[in-house]
Amino acid sequence: MEKGKEGWSAAIGNLSEMTANLDSLQKLVVKKAVFVDDDTFAKASLTSEQARTIKGYVDWK
């Protein structure tokens with residue numbers, strides 16, 4: 001039964017570490033985030049999608 005307790009302790013430790021990492025990531029993203037209006041976001045998304053399509057086509061050739 002001790003082995004099961006060790007497993008749970010390790011899992012909880014891993015979750016705690018993941019939580020700390022996510023908190024750090026969230027702080028970094030908020031600090032570096034650039035907010036744009038819907039139209040600018042839509043244009044940027046379309047351009048990004050087109051670039052991925054072109055890259056996929058070039059890589060395929």
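In this chain, residues are counted from 1 in sequence order.
Residues satisfying the salt bridge (Lys or Arg N to Asp or Glu O under 4.0 Å) criterion with Glu17, sequence neighbours excluded, are absent altogether. Contacts of Ser48 classified as side-chain hydrogen bond (donor to acceptor under 3.5 Å, both in side chains), with partners at least two apart in sequence or in another chain: Arg52.
Evaluation of the salt bridge (Lys or Arg N to Asp or Glu O under 4.0 Å) test over residues 20-39, restricted to residues two or more places apart or in two chains, returns Asp39-Lys43.
To the nearest 0.5 Å, atom OG1 of residue Thr19 and atom CD1 of residue Ile12 are 11.5 Å apart.
Other residues sharing the hydrophobic cluster of Val29, ordered by chain and number and joined by side-chain separations under 4.5 Å: Leu25.
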